[in-house]
Amino acid sequence: MAIMGMNIQLLTPVSDDLRQELTISFSQLGVMMGIISLPGIFLSLPAGRIADKTGRKKLLILGLFLLIPGSLCFCIFKNYMWSVIGRILAGIGCSLISSLTPGLIPEAIPKKYIPAAMGIFNTAIPIGSILTLTFYHKIAETLGVFESFYISAVIATAIAISSVFIPETRTSSDNKDNDQNFSDKKLMTPISLIVLAANFASMGYVTVAPAYYQHIGIPWTLRGTMLSAILWGSIAFAPAAGWFISKFGHIKFIIALGLAMQGAGLAAIPIKSTPLTLDLIIMAIGAGIIMTPIYILIPKIIDRKNINLAFGIMISAMMIGCLAGPYIAGVLIDAVGYEYSFAALGLFSAIGLLPTIAINEKSKNA
């Protein structure tokens with residue numbers, strides 16, 4: 001999951017350099033950054049269904065190996081078309097990884113420890129992303145923008161080889177209960193809408209923010225930390241959210257609080273009367289606590305034989321948000337400027353509050 005986080009954010013630290021090298025618009029940059037999410041829209045659900053029937057190990061290994069050409073397309077071809085193709089290949093890999101890895105937790109961890117385990121698990125993507133946002137620009141400065149992608153290819157190779165040690169697991173191979181499948185898919189609808197809204201906002205932020213911070217004169221030494229603010233919250237607060245839920249419950253409240261704080265922080269960033277540091281802290285705390293209750297909720301309310309399918313549905317919604325967020329954010333920058341872009345992202349995060357009303361926290365897996 002950490003290497004997936006790295007690949008999702010790989011373009012962010014060098015986005016403006018790539019835009020200039022490839023002579024593309026902000027909208028085209030948004031497409032290139034966001035298209036990594038496109039395969040997940042279509043592949044996550046069938047991948048989850050296949051894993052529920054036949055096991056997940058081969059699909060996970062395939063996903064990890066696809067990250068390698070996803071990076072090599074940048075450094076070998078050095079043009080826009082092949083860069084987009086590389087992001088699509090990496091997106092296929094990321095969709096397999098993100099759909100199938102979460103299901104390992106409820107199978108391997110005793111029930112009473114699942115909330116805490118999911119809180120820890122939810123730090124993996126932010127850790128990979130933060131390391132990339134913090135250090136990758138320096139690597140690109142040393143090696144060159146395109147040549148820096150060799151590093152990510154080497155890391156992906158090492159992780160892919162190590163994946164042969166992932167234990168093989170398989171849920172029920174008999175999955176004929178159509179009524180149960182329909183019920184589980186219905187339960188996933190509000191969860192999917194929440195995840196879509198949250199990731200639309202967060203991925204839009206990492207598209208708008210680099211150019212905005214450069215526009216207002218913030219040096220790169222600070223920009224990297226500010227870009228990764230939306231991820232630092234997960235490292236600090238995702239485990240805390242898991243602990244809180246294991247002690248007190250209130251899954252819906254934590255989700256709603258996270259969406260509201262993320263939205264308020266995003267909308268306030270370009271407002272000069274609010275301290276930027278405070279805006280980023282509010283946004284970071286909100287973003288950090290949204291996904292942990294989602295990862296806890298799914299194995300709680302979804303029948304175990306459909307667990308990979310459920311995570312596949314959730315990841316499909318996440319990828320729709322991740323695809324649309326960067327593109328719409330890029331279009332808004334080109335059309336109306338930074339202020340309205342941040343306001344729209346904040347509003348979309350707040351819209352995610354509406355489907356929380358329909359969430360049913362009642363456990364199906366006693």
Side-chain angles (χ1 to χ4, degrees), residues 1-12 15 18 27-54 56-74 76-77 80-103 124-125 128-129 132 149 152-153 155-157 159-160 163 185 188 192-193 195-200 202-204 206-207 291 308-330:
M1 292 297 277
I3 191 69
M4 181 192 127
M6 174 184 177
N7 275 266
I8 289 174
Q9 298 294 346
L10 201 56
L11 270 59
T12 304
S15 60
L18 276 173
S27 299
Q28 288 175 299
L29 177 64
V31 170
M32 188 168 66
M33 293 181 70
I35 204 165
I36 192 172
S37 307
L38 182 63
I41 298 172
F42 305 103
L43 296 180
S44 297
L45 195 153
R49 188 182 295 277
I50 292 169
D52 281 330
K53 291 180 177 293
T54 65
R56 61 169 68 86
K57 183 172 181 177
K58 290 179 182 177
L59 289 175
L60 272 173
I61 292 173
L62 173 63
L64 287 160
F65 272 100
L66 282 171
L67 300 181
I68 301 168
S71 291
L72 291 178
C73 282
F74 281 86
I76 292 174
F77 298 104
Y80 181 69
M81 183 190 73
W82 277 102
S83 297
V84 170
I85 291 172
R87 292 292 277 178
I88 292 172
L89 291 173
I92 297 172
C94 287
S95 69
L96 295 175
I97 294 166
S98 58
S99 300
L100 304 178
T101 308
I125 292 178
S129 300
T132 304
F149 287 89
S152 58
I155 296 172
T157 302
I159 300 296
S163 68
K185 289 176 183 177
M188 287 301 301
S192 299
L193 292 173
V195 170
L196 190 158
N199 284 273
F200 180 105
S202 61
M203 286 301 293
V206 297
T207 303
M291 289 308 298
N308 291 302
L309 175 63
F311 278 115
I313 293 170
M314 186 268 283
I315 295 299
S316 294
M318 178 186 290
M319 294 307 175
I320 291 172
C322 291
L323 176 66
Y327 177 72
I328 298 300

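Small disclaimer: the values here were computed from a predicted structure and weren't measured.
Taking CG from Leu66 and OG from Ser71, the interatomic distance works out to 11.5 Å, rounded to the nearest 0.5 Å. With rounding to the nearest 0.5 angstrom, the CG atom of Leu96 is 11.0 Å from the CD1 atom of Ile315. Within the model, atoms CZ of Phe311 and OG1 of Thr101 stand 10.0 Å from one another, a figure rounded to the nearest 0.5 Å. Taking CD1 of Ile36 as the start and CD1 of Ile88 as the end, the distance is 10.5 Å to the nearest 0.5 Å. Taken to the nearest 0.5 Å, the CG atom of Leu67 stands 11.0 Å off from the CD1 atom of Ile155. A distance of 7.0 Å separates OG in Ser99 from CE in Met319, rounded to the nearest 0.5 Å.
Pairing each heavy atom of Ala47 with each of Leu100, the nearest pair is O-CD2, 3.8 Å. Nearest heavy-atom pair across Met33 and Ser15 is SD-CB, 4.1 Å. The two residues Leu10 and Ser152 make their nearest non-hydrogen contact at CD2-OG, 3.5 Å. Of all the heavy atoms in Pro102 and Ile97, the pair that sits closest is CD-O, 4.2 Å. Closest heavy-atom contact between Met4 and Cys94: CG-SG, 3.5 Å. The shortest heavy-atom contact between Ile313 and Ser192 is CG2-OG, 3.4 Å.
In this structure, Phe200 and Ile328 have side chains that are in contact, with non-hydrogen atoms separated by less than 4.5 Å. Contact check for Ile125 versus Met291: no side-chain heavy atoms found under the 4.5 Å cut-off. For the pair Leu62/Lys58, no side-chain contact is recorded, criterion being any heavy-atom separation below 4.5 Å from C-beta on. With a 4.5 Å cut-off on side-chain heavy atoms, Ile76 and Trp82 do not count as touching. In this structure, Leu60 and Ser163 have side chains that are not in contact, with every pair of non-hydrogen atoms separated by 4.5 Å or more.
Remark: the backbone N or O of Cys322 is not paired with any side-chain donor or acceptor of Asn199 at under 3.5 angstrom. Distance alone, capped at 3.5 Å, is enough to place a donor-acceptor pair between the Ser316 side chain and the Gly40 backbone. Between the side chain of Arg87 and the backbone N or O of Met32 there is at least one donor-acceptor pair closer than 3.5 Å.
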(request) Before giving the answer on side chain to side chain contact (heavy atoms under 4.5 Å, CB included), spell out for Ser98 and Met318 the whole-Å C-alpha distance, their side-chain angles and the decisive distance to 0.1 Å. (result) CA-CA 10 Å; Ser98 58; Met318 178 186 290; 5.7 Å; no
(request) Any chance you could lay out the side chain to side chain contact (heavy atoms under 4.5 Å, CB included) test for Thr132 and Thr12, step after step, and finish with the verdict? (result) CA-CA 9 Å; Thr132 304; Thr12 304; over 6 Å; no
(request) I would like to know whether Leu309 and Leu45 meet side chain to side chain contact (heavy atoms under 4.5 Å, CB included); could you show each step before the answer? (result) CA-CA 6 Å; Leu309 175 63; Leu45 195 153; 3.6 Å; yes
